[in-house]
Number of protein chains: 2
Amino acid sequence: MAASMTQPTVDTPAEASSEVNRLTTGERELIAVFVQMTQTFGLPRSLGEIYGLLFASPQPLSQQYIVARLGISKGSVSQGLRFLRTIGAIQPVPDANERRECFMPVVELRALVGGFIRERITPQLSLWTDRTNNINLDDFKADEGAPPSPADIKLINNRLEKLKTWHQRAELVLPLMGKLIG
Amino acid sequence: MAASMTQPTVDTPAEASSEVNRLTTGERELIAVFVQMTQTFGLPRSLGEIYGLLFASPQPLSQQYIVARLGISKGSVSQGLRFLRTIGAIQPVPDANERRECFMPVVELRALVGGFIRERITPQLSLWTDRTNNINLDDFKADEGAPPSPADIKLINNRLEKLKTWHQRAELVLPLMGKLIG
DNA sequence: ATCCTGATTCAAATTTAATTGAACTCAGTC
DNA sequence: GACTGAGTTCAATTAAATTTGAATCAGGAT
């Protein structure tokens, strides 16, 4: 089978660095795009590298292969693949023959955005809401010194209410984002 | 004037830490909410602290006052206020009398989301698009070893086209996000 | 039961990003 | 035109996050 059909098995470190761990220009360029994206969203660059390599690869790739090809550690790839899987950015390819599991990218933007929001934003959202709801107007009275005027209290109250509408909007709109953008 | 009407002038470090630099429970709680938000979006916590303090303060605050109250450095506050201003999260309050400029928070979610997207995401978006458009199918041919099959080339091409639709969607939807969520 | 291969974990090392603060700039005052 | 007070800049520091890799685990084969 041609190299493009079967991924090389990585046996020795020597082989890994001389044969496998050299990216094509296209792979490098594509990976660079995804790295830039992940950085923009405050995600580790390894995520972009892994997803980028999968995106550039017609065949599903194993963890080992990714490690060898990108030249990053097993640990990073393991954690990276787990995260990508939880947000639905990659799919394991069932392959009874192979001992090791392989992955291919999910290329639907809807899935990625939806997964990211569901896994990373929404959980935080509930925390914000809870915290905000627990804030009491009395907590704004200084422990010592002059208390805030009634007008001040009123204004703070208005702002707290406003903040609660933020949460409501976010809880309404964010889950729809994936559908909207895909 | 009551303390709630005029912000104390900070003269000495001693005064700063003993008098000014003690947040009320309400301020601390509100700041914690905003800090949590900034962290979620990969922004520095100082942004959350500054915006949170402004949000909790009926009166516009000066840079000096914020420094003293939060106990963080002039540099951080200077940079933080600049960023918040560029995304439109705060507004300078014109005050001919005062030597120093004061700020109040913009509490419309629409403005914040819109500003963030405009200043941080959209500029990146063009970079992604350019980079992607510059990728050539030929770049995926391995420098040495077996070239990819026609089927592989076709699949990579499909993916590149898919990626371009991501950009189109993003360029269409992101600028609308502010309006949508506000 | 043991070995072997691939995957996972997590404390330590590294890298990256944020914060600090001293030096500097700028504008208004005396 | 030097002085003052507010604000900015940026190199050095500190803090936070990611990455590493040795130890460990899981499970299929011998």
Side-chain angles (χ1 to χ4, degrees), chain A residues 7-13 15-17 20-21 34-36 38-51 60-86 90 92-103 120, chain B residues 7-13 15-17 20-21 34-36 38-51 60-86 90 92-103 120:
Chain A
Q7 53 188 258
T9 305
V10 183
D11 298 322
T12 64
E15 184 184 355
S17 54
V20 179
N21 184 21
F34 288 108
V35 166
Q36 206 166 9
T38 54
Q39 309 267 71
T40 300
F41 292 109
L43 296 169
R45 80 177 281 117
S46 60
L47 284 184
E49 295 185 13
I50 296 167
Y51 185 81
L61 305 182
S62 73
Q63 177 168 326
Q64 279 207 328
Y65 180 79
I66 296 168
V67 168
R69 208 70 197 293
L70 292 176
I72 63 182
S73 73
K74 278 199 301 177
S76 277
V77 175
S78 178
Q79 289 178 190
L81 287 174
R82 174 167 47 206
F83 177 79
L84 290 172
R85 223 175 338 178
T86 66
I90 62 175
V93 177
D95 179 1
N97 295 9
E98 272 290 341
R99 172 76 156 281
R100 52 200 181 178
E101 199 170 32
C102 291
F103 297 92
R120 293 293 265 227
Chain B
Q7 52 189 257
T9 305
V10 183
D11 298 322
T12 65
E15 184 184 354
S17 56
V20 178
N21 185 20
F34 288 107
V35 166
Q36 206 166 11
T38 54
Q39 310 263 72
T40 300
F41 291 109
L43 297 169
R45 79 175 284 117
S46 60
L47 283 184
E49 295 185 16
I50 296 167
Y51 185 81
L61 306 181
S62 73
Q63 178 168 325
Q64 279 207 329
Y65 179 79
I66 296 169
V67 168
R69 207 70 196 293
L70 292 176
I72 63 182
S73 72
K74 278 201 301 178
S76 276
V77 175
S78 178
Q79 289 179 191
L81 287 174
R82 173 167 48 202
F83 177 79
L84 289 172
R85 222 177 335 181
T86 66
I90 62 175
V93 176
D95 180 0
N97 294 8
E98 273 288 340
R99 170 77 156 280
R100 51 200 181 177
E101 197 171 33
C102 290
F103 297 92
R120 291 294 265 229

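Below, read A as the first sequence line, B as the second, and so on, with proteins coming before strands; counting in each chain starts at 1.
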Exercise. Over how many whole Å does the gap from A:Tyr65 atom OH to C:dT5 atom C1' extend?
Worked result: 20 Å

For this session: Using whole Å, report how far CG of A:Leu43 lies from C1' of C:dA17.
Result: 15 Å

For this session: Rounded to the nearest angstrom, tell me the gap between atom CD in B:Glu49 and atom P in C:dA18.
Result: 14 Å

Problem set entry | B:Phe83 CZ to C:dT19 P, straight-line distance once rounded to whole Å | 12 Å

For this session: Considering just the side-chain nitrogens and oxygens of A:Ser46, establish if one lies under 4.0 Å of OP1 or OP2 belonging to D:dT19.
Result: yes

Exercise. Can you give one letter per nucleotide of nucleotides 8-16 of chain C, 5' to 3': B if a protein heavy atom sits under 4.0 Å from the base, S if only from the sugar-phosphate, - if neither?
Worked result: BBB------

Seminar exercise, completed: The answer to which of B:Ile72 and A:Gln39 contacts DNA chain C further toward the 5' end, by nearest nucleotide, is A:Gln39

Problem set entry | Where A:Arg85 and A:Ile90 come nearest, the two heavy atoms and their spacing | N-CG1, 3.8 Å

Exercise. Do you know the tightest heavy-atom contact between B:Arg120 and A:Thr40?
Worked result: O-CG2, 4.3 Å

For this session: Dump the intermediate steps for side chain to side chain contact (heavy atoms under 4.5 Å, CB included) on B:Arg100 and B:Tyr65, then the final yes or no.
Result: CA-CA 10 Å; B:Arg100 51 200 181 177; B:Tyr65 179 79; 5.9 Å; no

Show me the side-chain donor-acceptor pairs of residues 44-51 of chain B shorter than 3.5 Å, one per line, residues at least two apart or across chains.
residue: B:Arg45; atom: NE; partner: B:Glu49; partner atom: OE2; Å: 3.0
residue: B:Tyr51; atom: OH; partner: B:Val106; partner atom: O; Å: 2.7

Seminar exercise, completed: All heavy atoms of A:Cys102 vs all of A:Pro60, minimum pair found to be CB-CB, 3.7 Å

Seminar exercise, completed: Looking only at heavy atoms, the pair that brings B:Val67 and B:Lys74 closest together is CG2-CA, 3.8 Å

Seminar exercise, completed: Taken to the nearest whole Å, CZ/A:Arg100 to C1'/C:dC4 is 14 Å

Seminar exercise, completed: B:Leu84 atom CG is separated from D:dG7 atom P, nearest whole Å, by 15 Å

